[in-house]
Amino acid sequence: MFFLAETSHFADKAHAAAEAAHHAVEHAEHAEHASHGSPHVVNWVTLLAKAMGDTPLAHALEKYEKVIFSLIIVSLISLFCFAVNRKRSLVPTKLQLVLENIVLMLDGLVASVIGPKGRAYTPFVGSLFIYILVSNLFGLVPLQNSATAYITTTAPLAIAVFFYVQWIGLSKNGFFGYIYHLAGSPKDFFGYVLIPLNLPLHILGEFSKPVSLMFRLYGNVMAGHILVAVFLGLGLQMLKPTGLPVGVPLHFPFLFLEILVSLIQAFVFSLLTTVYIAAMLPHDDHEHEHGAGHGHGAKHGAAHAEVHAH
Amino acid sequence: MTPESILALSLPLSLGLAAVGSALGLGKAVAAAMEATARQPEASGKILVNMMAGCALIEALTIYALIVVFVLMGKIG
């Protein structure tokens, strides 16, 4: 059972080592505290809880760790936006320009997937993007943690997306249009014959969307944190013989990978939300005709102008 | 062979197998996107967005395997 002993031993070691990195003190008894079996980097909430010992407040801190970080992130975003928006002007300041560009980028993303009418959904999708991105990046700050590294944060986000998408489907298509959409939008006899197959499949698909959303975000962020913690532990193991509370920063290259993953996952979550909304909206084929009509009108206008010029 | 040792042997293998399939899919998707970008560089933004959505769906399968591994890792003890 060499392999077995090695894995548990390694998990404990990595946990203990990661703790020492920030704490500079190693508690042998806390090394056994890694009951989840996966190493993680300590943050100030768990440190505070550990310092308090076995009190009810410490247990509450450990229990509500994710909520605390979630609240910190939300208040950071709100404070930043409030501070920038307080002195709004037509000639933007630097920070106002930053915010305006972020909003413009998100608006462009949503409009490129749904079309010009999709701008109504930018606030929801944009809020998701900003919250997830800040939360993901927050975990890379020493002594802080990501709220999105826990399934208890990503599940509500995905459930909110699920209900929002269903509500859009119901309100835009009407009740029977919604059922028609779920039945696979049958157009001919063959389509109606396949309804018993299509309806359950589509309903199952609707429920699998939020599940895949929440597991993707949670898995990526959590795996990134564990990766960093493992390499932090390895780096500390290398310099253990010296007895100093320092290590080789082996995890450093992975921080850049984490920044990339944070961006991509926030982008993917909001992009998939947009795609789900776009799939729920009624498909109108008149848009191209309208565009063509406008082009025609413009041409006519140009011709008229020419006539007038003559 | 105890159940724990079976788990310890099979968990990394399962993750590796999931990664193989995911890697094949990702390779195909990215290769097609690269080709499309080379053919039509002005459409690179749209291609990138679509590729990302596809890649996320492919990658999710490996992430499921990873979560299963982490859930079952607690049983190895």
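These numbers come from a predicted model, not from an experiment. Lettering follows sequence order; numbering is per chain, from 1. As a basis for the values below, the full set of heavy atoms in this structure was taken, side chains included, without hydrogen atoms, waters or symmetry mates.
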Problem set entry | Shortest non-hydrogen contact between B:Leu66 and A:Ala223, atoms and distance | CD2-CB, 3.3 Å
Seminar exercise, completed: The interface call for B:Val49 against chain A, heavy-atom contacts under 4.5 Å, is both
Return all side-chain donor-acceptor pairs below 3.5 angstrom for residues 259-276 of chain A, not counting sequence neighbours, or 'none' if the list is empty.
from	atom 1	to	atom 2	distance (Å)
A:Ser262	OG	A:Glu258	O	2.7
A:Gln265	OE1	A:Asn220	ND2	3.3
A:Ser270	OG	A:Ala266	O	2.9
A:Ser270	OG	A:Phe267	O	3.1
A:Thr273	OG1	A:Phe269	O	2.7
A:Thr274	OG1	A:Ser270	O	2.5

Exercise. Could you give the distance from OG (A:Ser212) to CG (B:Leu61), rounded to the nearest 0.5 Å?
Worked result: 9.0 Å
For this session: Could you check if a side-chain atom of A:Ile226 sits within less than 4.5 angstrom of a side-chain atom of B:Phe70, using non-hydrogen atoms only?
Result: yes
Exercise. Any donor and acceptor pair, going by atom type alone, linking the side chain of A:Arg216 with main-chain N or O of B:Ile63 inside 3.5 Å?
Worked result: no
Exercise. Which answer fits B:Leu7, side chain, backbone, both or neither, if we ask what part of it has an atom under 4.5 Å from a heavy atom of chain A?
Worked result: neither
